[in-house]
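As structure tokens, the structure follows; a few thoughts come after it.
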Amino acid sequence: MIELISENKVAGGLHQRYRHTSASLNCGMTFAVFLPPQSQQGLDVPVVYWLSGLTCTDENFMQKAGAFNTAAALGLAIVAPDTSPRGEGVPDDPEQQYDLGLGAGFYLDATQAPWAQHYSMYHYVVHELPDLVEKTFAVAPKRAISGHSMGGHGALSIALKNPSRYTSVSAFSPICNPLDCAWGQKAFNAYLGPNKDTWLNYDSSWLMAHSRQDEQTPALVDQGEADDFLIEQLKPEVLQKAAEKTNYPLTLRMQPGYDHSYFFISSFIDDHLRFHAQHLL
């Protein structure tokens with residue numbers, strides 16, 4: 001059962017928000033979709049999945065990124081899920097910190113109590129949500145994936161593990177090496193337990209360094225040089241070294257003066273959509 005929450009016309013297309021019951025997350029979930037004008041003309045359009053960062057919901061990207069005009073011109077749909085399960089009975093960080101629990105799903109499948117019952121964002125993003133989207137809307141089974149910060153980590157790690165499901169991947173300010181930063185270590189220890197061998201499967205730098213050249217998804221990463229989280233949390237230099245090790249098709253752009261905000265994302269989102277369109281269309 002899928003329920004329409006709201007609908008707005010924008011850039012000749014439609015922005016819609018939906019709610020449904022998620023089997024993989026065991027709760028109700030909200031997601032947003034932008035359908036370009038081409039989808040209303042009987043064309044099955046490809047989809048860019050956008051994964052947002054810590055504390056965000058489906059609304060942040062849709063309201064702040066300014067992506068609609070370019071997506072409409074290119075004929076791309078955009079789907080933005082929430083960043084974690086929510087609702088009564090869904091566990092949250094007992095200390096009410098922003099980097100664990102609600103709004104901080106980290107796009108993995110938790111194995112530890114009390115998180116495992118609900119926090120399966122990896123399976124939701126990779127399987128359940130695309131299945132629902134492709135059954136419900138006039139879209140083709142052609143996907144790209146992108147994201148910001150925690151969502152950049154999610155986009156990169158998901159694409160690296162599923163090269164046949166995505167034509168391209170991009171990220172803004174991604175958490176590139178969560179094994180070696182406070183955000184990643186806190187989340188991985190809680191959701192996956194203390195065995196760090198289980199963490200490797202969600203570390204984009206490790207995955208890229210061990211990727212096969214016949215299974216590499218083209219990647220574009222933009223990172224602001226004025227980002228307050230750059231040195232301690234994001235570590236794009238580790239991702240660059242991993243790409244060099246396997247000759248991975250990664251373009252990493254350091255952008256002078258830009259920070260971690262949606263001002264940064266809105267400045268370069270058109271580049272990312274055109275990058276995905278080159279591979280999707």
Cation-aromatic face contact K64/F263, 6.0 Å, 45 degrees: no
Determine whether the side chains of S6 and Q16 contain a donor N or O and an acceptor N or O closer than 3.5 Å. no
Quick one: does Q38's side chain have a donor or acceptor within less than 3.5 Å of a partner on L43's backbone? no
Polar side-chain atom of Q185 near backbone of L179 as donor-acceptor pair, under 3.5 Å: yes
L200 vs F188 side-chain heavy atoms within contact, under 4.5 Å: no
Check salt bridge (Lys or Arg N to Asp or Glu O under 4.0 Å) between D109 and all other residues, then give those that pass, not counting sequence neighbours. none
D222 side chain to H272 side chain, donor-acceptor N/O pair below 3.5 angstrom: yes
Output field: ring centroids Y124/H20 closer than 6.0 Å: yes
Hey, are the side chains of F106 and Y119 touching, using non-hydrogen atoms and a 4.5 Å cut-off? no
When you compare the side chain of H15 with that of M62, does any pair of heavy atoms fall below 4.5 Å? yes
Using a 3.5 Å cut-off and no angle test, enumerate the donor-acceptor pairs between side-chain atoms of residues 136-148 and protein atoms at least two apart in sequence or in another chain.
unit_1	atom_1	unit_2	atom_2	d
T136	OG1	L132	O	2.7
K142	NZ	L280	O	2.3
R143	NE	E134	OE2	2.7
R143	NH1	R165	O	3.1
R143	NH2	E134	OE1	3.4
R143	NH2	E134	OE2	3.3
S146	OG	S170	O	3.2
S146	OG	S170	OG	2.7
H148	NE2	H260	O	2.9

Decide whether W206 and S204 meet the rule of one side-chain donor and one side-chain acceptor closer than 3.5 Å. no
Can a donor-acceptor pair be found, under 3.5 Å and without considering hydrogens, that links the side chain of Q96 to the backbone of D93? yes
Could you check whether any side-chain N or O of Y107 sits under 3.5 Å from a backbone N or O of Y202, counting only pairs where one atom can act as donor and the other as acceptor? no
What's the verdict on side-chain contact (heavy atoms from CB on, under 4.5 Å) for Y49 and V133, showing C-alpha distance, side-chain angles and the deciding distance? CA-CA 11 Å; Y49 287 84; V133 167; 3.7 Å; yes
Whether H118 side chain and N26 backbone form a donor-acceptor pair below 3.5 Å: yes
Could you give all pairs that pass the salt bridge (charged side-chain N to carboxylate O under 4.0 Å, His left out) test and reach residues 271-281, with sequence neighbours left out? R253-D271, D271-R274
Answer yes if the side chains of T70 and D270 hold a donor-acceptor pair under 3.5 Å, and no otherwise. yes
Short question: side chain of S22, backbone of L25 - any donor-acceptor pair under 3.5 Å? yes
Listed by chain and number, what are the salt bridge (Lys or Arg N to Asp or Glu O under 4.0 Å) partners of D227, not counting sequence neighbours? none
Take F172 and F264 through the ring-ring contact (aromatic ring centres under 6.0 Å, His included) test and state the conclusion after the steps. CA-CA 8 Å; F172 291 85; F264 173 44; 5.6 Å; yes
Please list every donor-acceptor pair under 3.5 Å in which a side-chain atom of residues 228-242 meets a protein atom from a residue at least two apart or in another chain.
unit_1	atom_1	unit_2	atom_2	d
Q233	OE1	A182	N	3.4
Q233	OE1	W183	N	3.1
K235	NZ	I231	O	3.4

Are I2 and F31 packed together at the side-chain level, in the sense that at least one heavy-atom pair is separated by less than 4.5 angstrom? yes
Kindly say whether Y18 contributes a backbone atom to a donor-acceptor pair with the side chain of E3 at under 3.5 angstrom? no
Name the atoms and distances for all side-chain donor-acceptor pairs under 3.5 Å in residues 74-84, with sequence neighbours left out.
unit_1	atom_1	unit_2	atom_2	d
D82	OD1	R86	NE	3.3
D82	OD1	R86	NH2	3.1
D82	OD2	R86	NE	2.6
T83	OG1	C56	O	2.6
T83	OG1	G103	O	3.4
S84	OG	G103	N	2.7

